[in-house]
Structures are given as structure tokens and as C-alpha cells.
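Working notes, structure below.
Below, chain A is the first sequence line, B the second, and so on; all start at residue 1. Values reported hereafter were calculated over all heavy atoms of this structure, with side chains retained and with hydrogens, waters and symmetry mates removed.
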There are 2 protein chains.
Amino acid sequence: MALGKDYVTQECSIARALEVVGERWTLLVVRDAIYGVRRYNDFLVHLGIPRAVLSARLRTLTEEGVLEKRRYQETPPRDEYVVTERGAALWPALRALGQWGREYVDGNRLRSFRHADCGGDVEPYGTCAACGTLVPVADVVMVPGPGLDSAPADPVSRALLRPKRLLEPLETDPVHLAH
Amino acid sequence: MALGKDYVTQECSIARALEVVGERWTLLVVRDAIYGVRRYNDFLVHLGIPRAVLSARLRTLTEEGVLEKRRYQETPPRDEYVVTERGAALWPALRALGQWGREYVDGNRLRSFRHADCGGDVEPYGTCAACGTLVPVADVVMVPGPGLDSAPADPVSRALLRPKRLLEPLETDPVHLAH
DNA sequence: ACCATCGGTTCGTTCACTGAACCTACCGGC
DNA sequence: GCCGGTAGGTTCAGTGAACGAACCGATGGT
């Protein structure tokens, strides 16, 4: 239902993919999940998304197998949303889209990606500039750039000011440490 | 304005890219343009998109430099929309998204992509399986798969039933030849 | 004169996103 | 027992965008 009623008339795997992840906010939720964001409130403050929309996106992404809802504590009951293999497989598309945005929109000032094993830049098609290997998502390190706000209001953005290996859970500072 | 009011709060090149191409239908218009579709009516029948939405998307994509509006005949005045270098640079993202759709949604039955020089498959990250080179978009050939409707109603889908090199203009059969 | 094509614009309806308010469950302090 | 705070939601009125059908102007063919 991503476009119009749907894309059933579209015999195209790009359209099929967009049926799943083409709605407003959806790709940004997946991006955050790959960055390691797992908790409802962290998605909420980092994206600035309406709660109703976030609930809907997390539900459909879970139904589609892109995220997995996992109980991580019983009292009080708390769930986290963890990206699945299917979700992590969206990384090449997100990386390519980000590469386009860096090159043609924001001018390379925000974030870049490095190969964790050797520190080389991850190139446009996903290979490592230094060692030439095709870097799997789990071996990518996000490195913040000079264009980022150095003192953002939300704890998730603050946590993402430090280099961060993708897929690993993000540790947000408790609020009381921010003052 | 792709999401919410906009993504200004998002310091992320993925969000910046989605500001430009994240609206409903936009990526499918770009996909068709890369497939060689250039004329208003061809986009219209192939996508099944409302006319007002198509007009709006072509206008903003032209303003963003993703497409170029070009007069190809004077009487009657007729323009075509040709993908620019900036637009063709979206190919890695579209290919990666299509790869995900093929692998996780449609089961490899629609279209695939080959390296024009050697006939090798284009792999997940955009390299050629046979010769290993990173295949530029102009050297990619779209090859139809067994899951496609063999007698589609619109002339653009019919034209895309034959292998087609990307970026080259699509030649649609005149309607009277279809009967 | 008549019909068809191409590339649009206009407009009423429907649908999705937005943002604020509200709710439940739990915890800690006093 | 009461209050405040956190976490993870749902509900709802207002708005903006998408939808689809109708219309339009310029041209070409017969």
C-alpha cells in the first residue's frame, strides 16, 4: 500500500520493494534500526515522527519480517525492535541512497562509512577502498562528519556523534547525564 | 517535503536524498526514466499514476536536476524528459532496492540485469559476476523474466518484454500495430 | 467537419499524516 | 498512600496529499 492503492499493476521488483518500505518514514526507521536503535522512545525522539505513525510502521515492518519484536524485560513488559537478516539486507539500498544524498545534496558533511577491519572508506558500490573486499553490513562503522550538530537535543543523536559499528545496539546516555 | 513537513531535523544524507526522491511514485518515475521512458504519456500508461501527480513529479524532478525537459519537436510542441547524470547516479540505489525486492519479495521472476559487454549477471553490489568489473548504468541490459505478463495492455510494458539497454530511449509500438 | 492524440489543469472525494491529548503499567521517593 | 516520571502505546480532530474523472487547447488525419 505504499503507493496509491498499491503497486499490483507494477511488474517490477523495485515496486515490490517499495510496497514494503516505500511509505513515508519507513526507510528512516530501517536506517535507525541498522544504526542500532531498538526502542520505541529512541526512534521517537530521533526521528521526530508522530507516535501513531511510528506504531504503524513498527507493526508493518515486524509483520513483513524486516524487524523482530523481542521482549527484553518482563516487569514492566518492554519490547525492543531488532533488525532481522531481511532488514539488514536493505543496507546496500540505504547506503547507495545515502551516497547519492552525500554526493548530490549535502556535500559530504554528515556521516561516512568505514570498513571496521582495515579502516578503509566504503565506496559507492559497497566495496572497501583500502582492501577491496565487499564490506558486509556488520563490518561497517559509521563515522560522524563535520556538518553534524555538535550538541543535539536528543540522546540518540548524541550517541551517534561517536563512531558506531552498525547493527550493534545503541547505548543512549540516561537523560540526567545530559545536564 | 517528502516526509512530514520536511526532514530538516534529520542530519542524514539518506534523509536528504529522500527529501528529493522519497515521495510517492518518485522513485518509480526515475526507474522508468532510466529504463528509457521519456514521454509524458508513456510514464502515464506504464505507471498508472494520476495525471496531476505525474505532472507534479516531473516538475520537481526537473527542478532538482534529476530529469531534463527537452523539446524534441516544434509543431505540435512536444517535450521529453531525459534522465541527467544526477538522475542516473540514482541507479545503484534503485538496483539495490530491486535486488532486495527480487530476493525477499517476488522470488526472482520479473527482471534481471546483465553486463552488456560480457553478458554476466550484475551482482547485489553492482559488479559483474563474469568479469568482475563495476558495471556503469549505461552498460547494463535489462532482461525480462518468466514472471512478467506476456501480453500487457500498455505499449511501454510490451516494449519492456525485450531485453533493453538502460538509458537508451524506449521505442513503443504504435497502438495500431498491437492488434 | 469530425475524431483522435498529446500534454496537461481543475476539482470533488477519499485517505493518510500530523500533533495533541489521553491511557495503562510500573518504579522511586516521601 | 500519593505524587511524579518513564515507557509504550491508542484515540481523535484537522489538514494536506493522492485519486480519478472531467475538461481543455493545439495539432494531425480522413
For P77(A), side chain to side chain contact (heavy atoms under 4.5 Å, CB included) partners two or more places apart
R71(A)
Heavy-atom nearest nucleotide on DNA chain C for V53(A) versus P76(A): which residue maps closer to 5'?
V53(A)
Minimum-distance nucleotide (side-chain atoms of R57(B) versus dA18(D), dC27(C), dT18(C)):
dA18(D)
Roughly how many Å is it from [atom1] in [X] to [atom2] in [N], rounded to a whole number?
X	N	atom1	atom2	result
R71(B)	dT27(D)	CZ	P	11 Å
E74(A)	dA7(D)	CD	P	18 Å
L44(B)	dG20(D)	CG	P	11 Å
I49(A)	dA20(C)	CD1	P	15 Å
E23(A)	dA16(C)	CD	P	8 Å
Q73(B)	dT5(C)	CD	P	16 Å
R24(A)	dG19(C)	CZ	P	10 Å

Report the C-alpha distance between V29(B) and L61(B) in whole Å, list the side-chain angles of each, state the deciding distance to 0.1 Å, and finish with yes or no for side chain to side chain contact (heavy atoms under 4.5 Å, CB included).
CA-CA 9 Å; V29(B) 171; L61(B) 284 173; 3.7 Å; yes
Counterpart residues, ring-ring contact (aromatic ring centres under 6.0 Å, His included), relative to F43(B) (two or more places apart):
none
Hits for ring-ring contact (aromatic ring centres under 6.0 Å, His included) against Y104(B), two or more places apart or cross-chain, chain-then-number order -> W100(B)
Can you list the residues that meet the side-chain hydrogen bond (donor to acceptor under 3.5 Å, both in side chains) rule with D32(B), with sequence neighbours excluded?
H46(B)
With sequence neighbours excluded, what pairs up with E123(A) under the side-chain hydrogen bond (donor to acceptor under 3.5 Å, both in side chains) test?
T127(A)
So does W25(B) get a side-chain nitrogen or oxygen closer than 4.0 Å to the phosphate oxygens (OP1/OP2) of dC19(D)?
yes
Output one line per pair: protein atom, nucleotide atom from nucleotides 6-11 of chain C, and distance, for all N/O pairs under 3.5 Å.
unit_1, atom_1, unit_2, atom_2, d
dC6(C), OP2, N41(B), ND2, 3.3
dC6(C), O4', R78(B), NH2, 3.1
dC6(C), O3', R78(B), NE, 3.1
dC6(C), O2, R78(B), NH2, 3.4
dG7(C), OP2, N41(B), N, 3.1
dG7(C), N7, R51(B), NH1, 3.4
dG8(C), OP2, Y81(B), OH, 2.9
dG8(C), N7, R51(B), NH1, 2.3
dG8(C), O6, R51(B), NE, 3.4
dG8(C), O6, R51(B), NH1, 3.4

